[in-house]
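Keep in mind that what you see is a predicted model, and the values were worked out from it rather than measured. Lettering of chains follows the sequences in order, A, B, ..., and the numbering in each one begins at 1.
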There are 6 protein chains.
Amino acid sequence: MKNWLQENNWEEVKELIKKSKGVAIIPVGSTEQHGLHLPVGTDTYIAITLAEDAALKTNALIVPPLWFGWSPHHMVLPGTITIRPEILSEYLFDIVKSLSVHGIKKFLLINGHRIVNVIWMQLTAEKAQRELDVEIKIFDPAYMSKDIVKELGFGPVGHAEEIESSHMLYRYENLVQIDKAADNPIEEKELYSVDPSYSHDTLCYVPTSVKSARKNAEKAGGVTGEPTKSSRDKGKIYHEHLVKNLVKVINQLQNS
Amino acid sequence: MKNWLQENNWEEVKELIKKSKGVAIIPVGSTEQHGLHLPVGTDTYIAITLAEDAALKTNALIVPPLWFGWSPHHMVLPGTITIRPEILSEYLFDIVKSLSVHGIKKFLLINGHRIVNVIWMQLTAEKAQRELDVEIKIFDPAYMSKDIVKELGFGPVGHAEEIESSHMLYRYENLVQIDKAADNPIEEKELYSVDPSYSHDTLCYVPTSVKSARKNAEKAGGVTGEPTKSSRDKGKIYHEHLVKNLVKVINQLQNS
Amino acid sequence: MKNWLQENNWEEVKELIKKSKGVAIIPVGSTEQHGLHLPVGTDTYIAITLAEDAALKTNALIVPPLWFGWSPHHMVLPGTITIRPEILSEYLFDIVKSLSVHGIKKFLLINGHRIVNVIWMQLTAEKAQRELDVEIKIFDPAYMSKDIVKELGFGPVGHAEEIESSHMLYRYENLVQIDKAADNPIEEKELYSVDPSYSHDTLCYVPTSVKSARKNAEKAGGVTGEPTKSSRDKGKIYHEHLVKNLVKVINQLQNS
Amino acid sequence: MKNWLQENNWEEVKELIKKSKGVAIIPVGSTEQHGLHLPVGTDTYIAITLAEDAALKTNALIVPPLWFGWSPHHMVLPGTITIRPEILSEYLFDIVKSLSVHGIKKFLLINGHRIVNVIWMQLTAEKAQRELDVEIKIFDPAYMSKDIVKELGFGPVGHAEEIESSHMLYRYENLVQIDKAADNPIEEKELYSVDPSYSHDTLCYVPTSVKSARKNAEKAGGVTGEPTKSSRDKGKIYHEHLVKNLVKVINQLQNS
Amino acid sequence: MKNWLQENNWEEVKELIKKSKGVAIIPVGSTEQHGLHLPVGTDTYIAITLAEDAALKTNALIVPPLWFGWSPHHMVLPGTITIRPEILSEYLFDIVKSLSVHGIKKFLLINGHRIVNVIWMQLTAEKAQRELDVEIKIFDPAYMSKDIVKELGFGPVGHAEEIESSHMLYRYENLVQIDKAADNPIEEKELYSVDPSYSHDTLCYVPTSVKSARKNAEKAGGVTGEPTKSSRDKGKIYHEHLVKNLVKVINQLQNS
Amino acid sequence: MKNWLQENNWEEVKELIKKSKGVAIIPVGSTEQHGLHLPVGTDTYIAITLAEDAALKTNALIVPPLWFGWSPHHMVLPGTITIRPEILSEYLFDIVKSLSVHGIKKFLLINGHRIVNVIWMQLTAEKAQRELDVEIKIFDPAYMSKDIVKELGFGPVGHAEEIESSHMLYRYENLVQIDKAADNPIEEKELYSVDPSYSHDTLCYVPTSVKSARKNAEKAGGVTGEPTKSSRDKGKIYHEHLVKNLVKVINQLQNS
């Protein structure tokens, strides 16, 4: 798919930049445990498929994906790779800086590693906006599906839960082993929730401690939430909702 | 007030740690423009008063306040001081590390500089939990007043708006010049809101660019929101709501 | 292809580690101009195809590819992305560190961005060997094809030259536009050569200055060498030579 | 007191900068053990009171205090907080840089944590003078009381000794428990003294090792010197001497 | 010898820069074990003598030597000092930057610590060329003696082997105790060689692991190679070959 | 001279460490303008000659000299090289760390670049004492000649003044061109002096700003002080005073 930067030679890149109206999508994911039913690349796959579908409808350029994120709390299970957030932030900064030299001044960062990566991406975004005179938006499915999630009957944002699993079922069915899914229902805690759509008072998100992560790993293979409630059809609605929002944001950038 | 670490000699500190059941509050603020009606120290004053009232009811120890935060977007108006987030994060880490040597293993960070400081504090919190075997909670008034703000008739979280101004009127009336307050009503934007209680789809928060900040400065002296709607009485209810939540969280920590 | 880490769930990763005898391949590339006939992702594609073919024959695990490298000298043409080498080195270090936690202690780094990436990868490799007690080998096609290149009638290592172009023709024909290839023959300079098979006295490699890079860009669209002499058949022999060497090195690691 | 930056809104800050003739005082202290008779905040309290009295006489602006310093050698007793000097230096640099954006180009740093903080403050001062085109003076009571200390019958500079204790008695009597003071007389060592007024050959100051610090802690609760010889009246003379010098230096800056 | 920067006053330095046609030599060595027959300063002595002889014939200026290099793999034997490569690179960068302020824009780095130091020197060279608009060449005896080494009957590049020992015998006979030399012949390994003149396929150089270093230390006192085959006469030919090349490179720089 | 580490092979180093009773001297200097009559290497020469004479009388081991220091304020004249203090501090730390691995636990740092280098050396010394369990003393001629300087009729510490010039005349007469010396008498300023023997109230030392440095350069070729009053005989007394003190300190270390 020729929206991907890597497939083009530099002359084609020049064209692509024009056609994209100067907007680049950077898909950012993670490689980390996602329970027994989802592949460790889940977060990056999700960022990739969102990027592709949005690019098709907007001509935006897509930068090769960032496969690794900040995942210290998932290191208790194999396959997880975690990079220090200060390194990730500088790494992404250099990508944005390089592209800004070539005339790309508007960026949409898609974060497949919901909530956690947002933290270091905010640091990059602010620094890049100030130092490089670019415009950066951060798109996170957890923040961009508030309007649809309850409607679909999904529970709160967890990890490898019914939301993510339904999404994967719709887009990467062959990578999902839904029969292996184990549930770990999310109980409401007083004054704490990871979910950005939580409407009550809450402390701020801090990645789980190793102790808690270990408990989760033992309980349900690293799942938080109820993946057995997943549905390919709901995944489709969820995906299309996100793509619709993506297109809106990219159009805003293209016309600003 | 003897809950403040700085007022005690080291023998008294030892006692204080015992009495606090090993819980320290760290008030984190900022020094930045807050419109024409609020002092530049507003965010720190708010963290301080919350810390004091919560400490009184829980015997928690209070660490001297951090007067400076991450405020690059307010540098367009005088009096603003901004520290790089990576420096703030290391600075706070060393405070936590030092106290953990003395046996304090539970921390409540109160962020007076709503939303913005949360970003770098999350980095510190995760690193400290993992490396120092401590427990850290981040308390931000914007996240901890979702249950009350609409009830009080306040608009969304902005800057130096009616929420913050009412709070300051209640606790530091002599530092407020409410007659100088100028309004800059917050219009709803599609797919963007700074307010954590916003219930619709949204991009993630990135500190305002310099260009936007300059516009705000010109429009209403740096205000976003409607401070003329402030009320000391509402400030009292708001404050007590936050203190009640603080006490809950501290008690949870003390009993964990 | 299930040798790729990202496609497996964590339980499968555990199996994969066993089957691989604890050897992981990390494909490292770049995204940079490669003349008018090759895509900017060339170096990463090459690392990927080598990794896949070697993994098939050895059961080694493959880590998701690193799409970005150190390319300051190619920034004169669009599509090039360059990351500071100290950031790349720390980034790769964290990948190795994470995997070593999961029991992988032997690494083969394949560098598609010949010669240039080797520099920072050596820093990572030494530090990781010393601090993490792992074993790391760096495989670079330019160093691993000395025995075959002259035989094939190829000129010296340049950039987007007949070697790289033949390789791409064999493995990714649809991404190559060989009719657009422009030549920029490499003249022998006294006491300088980039090519590791150069048998005479030479200064050490330093990435080209911006001034030189600009000249190359103007001359032949960023090419150094003679891509018009490319041949898919020679690319096949070259590729198989490299894969044979890869298999040998991986087997050495698996049996050490 | 309206010389404190934090109490003013940004319009008042503008006025304050004018009135101060562009001179800001930054009080820098520490939070560290000060024996059984002085609070752990002693060094910061001293910087604060000096700043306030000097500001009153010169209209200088005062920046919120830095409560934490470099105190690795006092970590053996509870209540001590130590920040790495490289972090402190960058932190202070950002404060100076922010204020220089608002037109403040002259700085007086008051160091309440005598001698020790001077080291990292010198790094900040040099860097800021060179990079930001500002003028910075470092005021340390130990260096600024050479002309008076012997006259007052005080022994050499130690820690929580009669000098510091007299000063605290004069300015913060309610925070001093002079009856708990224990003495640890300073013996003259060959070729070593911490005191800048020492007139003989000496090695340079290096913060005490942990071993020595532990000994001091056991001997006299962390005191070096003879606090039982403290006197509120001497404290007054000492304080006024320092303030007189401060006013001179600030006037020099204002008229340069 | 007045080509050494340090021996001149600043007025003479000005003259020296003119006479040198703006070319400075920086001799970079190491302090590390060199078997039982060579002093730990060997690598720096070699850089020094090459610098001096080349400067005599070209009027190039010589910067004081860098006595310490990157030697983690030799720490198993006493006398070895190793500096982190990122520190060495910044250190050398500041030297180049300082001299560029004084009008020196062309640099020849002589690396006495063959192969190993090249890695971090490449980082410095690229950064300096790009940021400071200077021209930098890296001269390493192992790369600059390919044309002569086989002719002289020397084996491959090792450590403290016959090449280095012959060179030392010729230039610093009084520092060599050739009777203590122990041999550790280099066996050809499949697909690995440290020697840049190796004409077959090879993995890239990574400094030896601690385990291997320990074995070498036990076998032959840290030697790799056959120093008993050393010859002062061959050392002379080798030295003169290197000096001839140095002069060529310096002349190129002076006339570019 | 076999006290120099670099001249010994590793077996001899082992002996040397024993004979030295585990004490190493590290001579630290600078390469910077020293007026028209002294070479730019002056500070390092002085550290070297002190190290050698003290080592002869104590058997201490000497580490190769550090030729570069922190000299930002002398960059206005050619020949000056300045390294960032944070880099110098890490560089020296690695030297100390390496030697501590080989059993050297006591260090005497001789600073030829009086006063200025002390700042970053203090950071290294504290960190090394705490992290590496070593003992470090910093010896600076300006602090170690208080007892003799007035007696010799010398004025205050400046730069390239009669003290330094007399010392160089005694030890390196052939590098001094005393007839070129120009005077720049040091006027007493209120509340400021660089000289550690100054007995009145003073601000703390901060390296001169570029503006002041430029003035000094124009006035007397970079001199501060009165080098025309130099005397080889006084230089001898001064040198012997310093060596006597060095021997005392080293003996203390050896017997501790």
Side-chain angles (χ1 to χ4, degrees), chain C residues 70 72-73 75 84-86 89-90 108-109 111 115-116 118-130 133-140 142-148 189-193 196-211 241-242 244-245 248-249 252, chain E residues 70 72-73 75 84-86 89-90 108-109 111 115-116 118-130 133-140 142-148 189-193 196-211 241-242 244-245 248-249 252:
Chain C
W70 185 36
H73 49 315
M75 284 298 293
R84 281 160 290 165
E86 61 268 30
S89 181
E90 294 296 316
L108 184 73
L109 314 179
N111 173 32
I115 295 155
V116 193
V118 171
I119 298 167
W120 60 264
M121 289 164 78
Q122 289 172 309
L123 296 179
T124 315
E126 190 284 327
K127 192 177 163 192
Q129 292 203 152
R130 188 165 30 83
D133 195 28
V134 299
E135 196 176 348
I136 302 196
K137 303 294 179 202
I138 302 173
F139 185 103
D140 183 297
Y143 286 83
M144 272 297 185
S145 58
K146 290 194 211 169
D147 278 330
I148 192 98
K189 275 195 218 165
E190 201 173 13
L191 301 179
Y192 192 65
S193 168
S197 75
Y198 186 67
S199 62
H200 297 295
D201 293 349
T202 176
L203 289 163
C204 297
Y205 173 70
V206 175
T208 320
S209 70
V210 170
K211 219 166 61 181
H241 182 83
L242 292 174
K244 189 195 62 197
N245 278 341
K248 267 192 210 163
V249 176
Q252 280 174 11
Chain E
W70 185 36
H73 48 315
M75 284 297 293
R84 282 160 291 165
E86 61 267 31
S89 181
E90 295 295 315
L108 184 73
L109 314 179
N111 173 32
I115 297 156
V116 193
V118 171
I119 298 167
W120 59 264
M121 290 164 78
Q122 289 172 310
L123 296 178
T124 315
E126 191 284 327
K127 192 177 164 194
Q129 291 202 154
R130 187 166 30 83
D133 195 28
V134 299
E135 196 176 347
I136 302 196
K137 304 294 181 202
I138 303 174
F139 186 104
D140 183 297
Y143 286 82
M144 272 298 185
S145 59
K146 291 194 210 169
D147 278 329
I148 191 98
K189 275 195 217 165
E190 201 173 13
L191 300 179
Y192 192 65
S193 169
S197 75
Y198 186 68
S199 61
H200 297 295
D201 293 349
T202 177
L203 290 163
C204 297
Y205 173 70
V206 175
T208 320
S209 69
V210 170
K211 217 166 63 181
H241 181 83
L242 292 173
K244 189 194 64 198
N245 278 341
K248 267 192 211 163
V249 176
Q252 281 175 9

What is the distance from atom CG of E/D147 to atom CE of E/M144, rounded to the nearest 0.5 Å?
9.5 Å
Short question: side chain of C/D140, backbone of C/I115 - any donor-acceptor pair under 3.5 Å?
yes
Taking all non-hydrogen atoms of both residues, which atom of C/S89 and which atom of C/L123 are closest, and how far apart?
OG-CB, 3.8 Å
Check each atom of E/H241 against the heavy atoms of chain C and say whether the ones under 4.5 Å are side chain, backbone, both or neither.
side chain
Top contributor to chain E contacts, counting heavy-atom pairs under 4.5 Å, from C/S199, C/S197, C/P85, C/P196
C/S199
If we ignore hydrogens and angles and just use 3.5 Å, is the side chain of C/Q129 paired with the main-chain N or O of E/T208 as donor and acceptor?
no
Find the one option among C/L109, C/V210, C/V249, C/N245 whose heavy-atom pairs under 4.5 Å with chain E are most numerous.
C/N245
Residue from E/L191, E/D133, E/V118, E/V206 scoring the most non-hydrogen pairs under 4.5 Å with chain C is E/L191
Presence of salt bridge, C/E90 and C/K127, under 4.0 angstrom
yes
If one checks every heavy atom of C/Y205 against chain E at 4.5 Å, the contacting part turns out to be both
Which of the residues E/R130, E/E135, E/H200, E/M121 is involved in the greatest number of heavy-atom pairs with chain C at under 4.5 angstrom?
E/H200
Part of C/S209 lying under 4.5 Å from any heavy atom of chain E
both
Check each atom of C/E86 against the heavy atoms of chain E and say whether the ones under 4.5 Å are side chain, backbone, both or neither.
neither
Select one option (side chain, backbone, both, neither) describing which atoms of E/T202 are under 4.5 Å from chain C's heavy atoms.
both
Greatest number of heavy atom pairs closer than 4.5 Å to chain E - which of C/Y143, C/Y198, C/Y192
C/Y143
I'd like to know which of E/K248, E/K137, E/R84, E/K146 tops the heavy-atom pair count under 4.5 Å against chain C.
E/K146
Is the shortest heavy-atom distance from the side chain of C/L203 to the side chain of E/F139 under 4.5 Å?
yes
E/P207 versus E/V116, closest heavy-atom pair with distance
CG-CG1, 4.5 Å
When the 4.5 angstrom heavy-atom criterion is applied to C/S145 and chain E, the contacting part is backbone
C/T124 (side chain) donor-acceptor with C/W120 (main chain) under 3.5 angstrom
yes
Looking at every heavy atom in both E/Q122 and C/I119, which two are closest together, and how far apart are they?
OE1-CG1, 3.1 Å
Region of E/Q252 that comes under 4.5 Å of a non-hydrogen atom in chain C:
side chain
